[in-house]
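Have a look at the structure below before the remarks.
Chain naming here is simple, since letters A, B, ... match the order of the sequence lines and numbering starts at 1 in each.
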There are 2 protein chains.
Amino acid sequence: MRYSRQRELIFETLKNFETHPTAEQLYIQVKQEMPQISLGTVYRNLNILVEKGKIRKVDSLESSSVRYDARSDEHSHLVCTKCGTVKDLDLSYFYSVDKLLKEKFDFTVTEHNIVLKGLCSDCSLTEK
Amino acid sequence: MRYSRQRELIFETLKNFETHPTAEQLYIQVKQEMPQISLGTVYRNLNILVEKGKIRKVDSLESSSVRYDARSDEHSHLVCTKCGTVKDLDLSYFYSVDKLLKEKFDFTVTEHNIVLKGLCSDCSLTEK
DNA sequence: ATAGCTGCAAAATGTTTGCGCGAAA
DNA sequence: TTTCGCGCAAACATTTTGCAGCTAT
């Protein structure tokens, strides 16, 4: 990867954000410093930075589309990165964390969006 | 809300999915039973079902766009539903859960995508 | 010199919406 | 009969990509 003024500016600008901006928001900000920059360049560089592990996308299932679930009660998901299987996981596993957050930060959790990825038991067998 | 054959079929079809399909995947499946149905109807009804709490969207930050984060190490987020503040949360809080999943299901967690929503300490003061 | 990166614009993808017709209450 | 939901197509929003020229190495 070669140096580019645009990429550096995008990275620095993102670092200075308090929130987690969208590509568009970042573009608007970056444009103040470098008016001729294009939105395509912002997207291209964000993708490169994610690939190189310098930044991350904030979302759970890396999917361009929204996915739906007929289970209407709150629950979380276990995704196997090898076979792709998605298993439901009861929220009760996280209640101890909720309690800790209440005690420590006085933060009252009302909603969980949790996706844990890793290797399921079947796949860890065939791994070796 | 009035009854509709389309909505019922969409809901039933979603329930029969093992995975968490996209609107498009659902559309393809539903079309087998009801060839004249339109993709717009599928989207419309999924939105209605989410509103009514019959189904859920599987994702963390409800945003049409991807959001980026310059912190490249893994961490999770606490979002206050009242003031909108997003705080970073260290992953160490979840290690006990990881351990439990290993013991119970032999699932090895390698990646966490966690967003907890609720009320932050500042907002719970002004709540009363 | 030569990859790689840029700006631009077009295309691709995912989702929503206005309209006029048909179906549920 | 009066709404509400439908199918269709167009609009919209987000993201990717082909191209021709520029830039870091």
Side-chain angles (χ1 to χ4, degrees), chain A residues 1-14 17 19-70 86 113 115, chain B residues 1-15 17 19-70 113 115:
Chain A
M1 184 175 55
R2 187 149 90 177
Y3 171 83
S4 102
R5 229 156 54 77
Q6 286 84 343
R7 182 155 50 238
E8 172 159 45
L9 179 57
I10 290 165
F11 184 46
E12 291 305 317
T13 306
L14 178 54
F17 260 89
T19 60
H20 302 305
T22 62
E24 181 75 29
Q25 294 174 323
L26 216 32
Y27 170 63
I28 290 166
Q29 189 62 38
V30 163
K31 222 173 156 57
Q32 313 251 359
E33 289 274 318
M34 196 185 280
Q36 77 293 359
I37 200 171
S38 77
L39 183 55
T41 297
V42 173
Y43 273 107
R44 242 181 322 228
N45 278 302
L46 286 171
N47 286 339
I48 291 170
L49 290 167
V50 168
E51 249 171 60
K52 302 287 175 193
K54 308 281 259 178
I55 67 171
R56 11 182 87 235
K57 293 190 180 191
V58 179
D59 70 354
S60 47
L61 293 178
E62 273 119 50
S63 167
S64 43
S65 316
V66 173
R67 292 178 174 276
Y68 297 90
D69 189 341
V86 180
N113 281 293
V115 179
Chain B
M1 184 176 51
R2 186 143 94 178
Y3 171 83
S4 105
R5 231 156 53 76
Q6 286 85 343
R7 182 157 47 239
E8 172 158 46
L9 179 57
I10 290 166
F11 185 46
E12 290 306 318
T13 305
L14 178 55
K15 281 203 278 194
F17 261 90
T19 58
H20 302 305
T22 61
E24 181 74 30
Q25 293 173 323
L26 216 33
Y27 169 64
I28 290 167
Q29 189 63 38
V30 162
K31 221 174 155 60
Q32 312 253 356
E33 290 274 321
M34 197 185 280
Q36 78 292 0
I37 201 172
S38 77
L39 182 56
T41 297
V42 173
Y43 272 107
R44 240 181 322 230
N45 278 301
L46 287 171
N47 285 339
I48 290 170
L49 290 167
V50 169
E51 248 170 58
K52 302 285 174 193
K54 308 282 259 177
I55 66 172
R56 18 179 83 237
K57 294 192 178 189
V58 179
D59 70 355
S60 46
L61 294 176
E62 275 117 49
S63 165
S64 46
S65 315
V66 173
R67 294 180 173 276
Y68 297 89
D69 189 341
N113 281 293
V115 179

message = Could you check whether any side-chain N or O of A:Arg7 sits under 3.5 Å from a backbone N or O of A:Arg44, counting only pairs where one atom can act as donor and the other as acceptor?
response = no
N/O donor-acceptor pair under 3.5 Å between B:Gln29 side chain and B:Leu26 backbone = no
Can you check the [X] [atom1] to [N] [atom2] distance for me, whole Å?
X       : N      : atom1 : atom2 : result
B:Lys57 : C:dG14 : NZ    : P     : 15 Å
B:Gln25 : C:dT15 : CD    : P     : 11 Å
A:Ile28 : D:dT14 : CD1   : C1'   : 14 Å
A:Tyr27 : D:dA13 : OH    : P     : 16 Å
A:Ile48 : D:dT16 : CD1   : P     : 12 Å
A:Glu33 : C:dT6  : CD    : P     : 16 Å
A:Asn45 : D:dT17 : CG    : P     : 15 Å
B:Leu39 : D:dA9  : CG    : P     : 13 Å

Using atom types as modelled, flag every donor-acceptor pair under 3.5 Å from a side chain in residues 35-42 of chain B to any protein atom, sequence neighbours excluded.
{"from": "B:Ser38", "atom 1": "OG", "to": "B:Thr41", "atom 2": "N", "distance (Å)": "3.3"}
{"from": "B:Ser38", "atom 1": "OG", "to": "B:Thr41", "atom 2": "OG1", "distance (Å)": "3.1"}

Counting only side-chain N and O atoms of [X], is one of them less than 4.0 Å from OP1 or OP2 of [N]?
X       : N      : answer
B:Tyr43 : C:dT16 : no
A:Asn47 : D:dT16 : yes
A:Ser38 : C:dC8  : no
B:Arg44 : C:dT16 : no
B:Thr41 : D:dG7  : yes
B:Gln6  : D:dG7  : yes

query = Taking atom CZ of B:Arg56 and atom CG of A:Asp69, what is their separation to the nearest 0.5 Å?
reply = 8.0 Å
Set out, line by line, the N/O atom pairs under 3.5 Å between protein and nucleotides 20-25 of chain D.
{"from": "D:dT23", "atom 1": "O2", "to": "A:Arg2", "atom 2": "NH2", "distance (Å)": "2.8"}
{"from": "D:dA24", "atom 1": "N3", "to": "A:Arg2", "atom 2": "NH1", "distance (Å)": "3.0"}

task = Heavy atoms only: give me the nearest B:Tyr68-A:Ala23 pair and the separation to one decimal.
result = CE1-N, 4.1 Å
query = Salt bridge check: are B:Arg5 and B:Glu8 linked by an N-O gap of less than 4.0 Å?
reply =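 B:Glu8 and B:Arg5: not salt-bridged.
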query = For the side-chain hydrogen bond (donor to acceptor under 3.5 Å, both in side chains) test, which of B:Gln25, B:Lys31, B:Glu24 pairs with B:Tyr27?
reply = B:Lys31
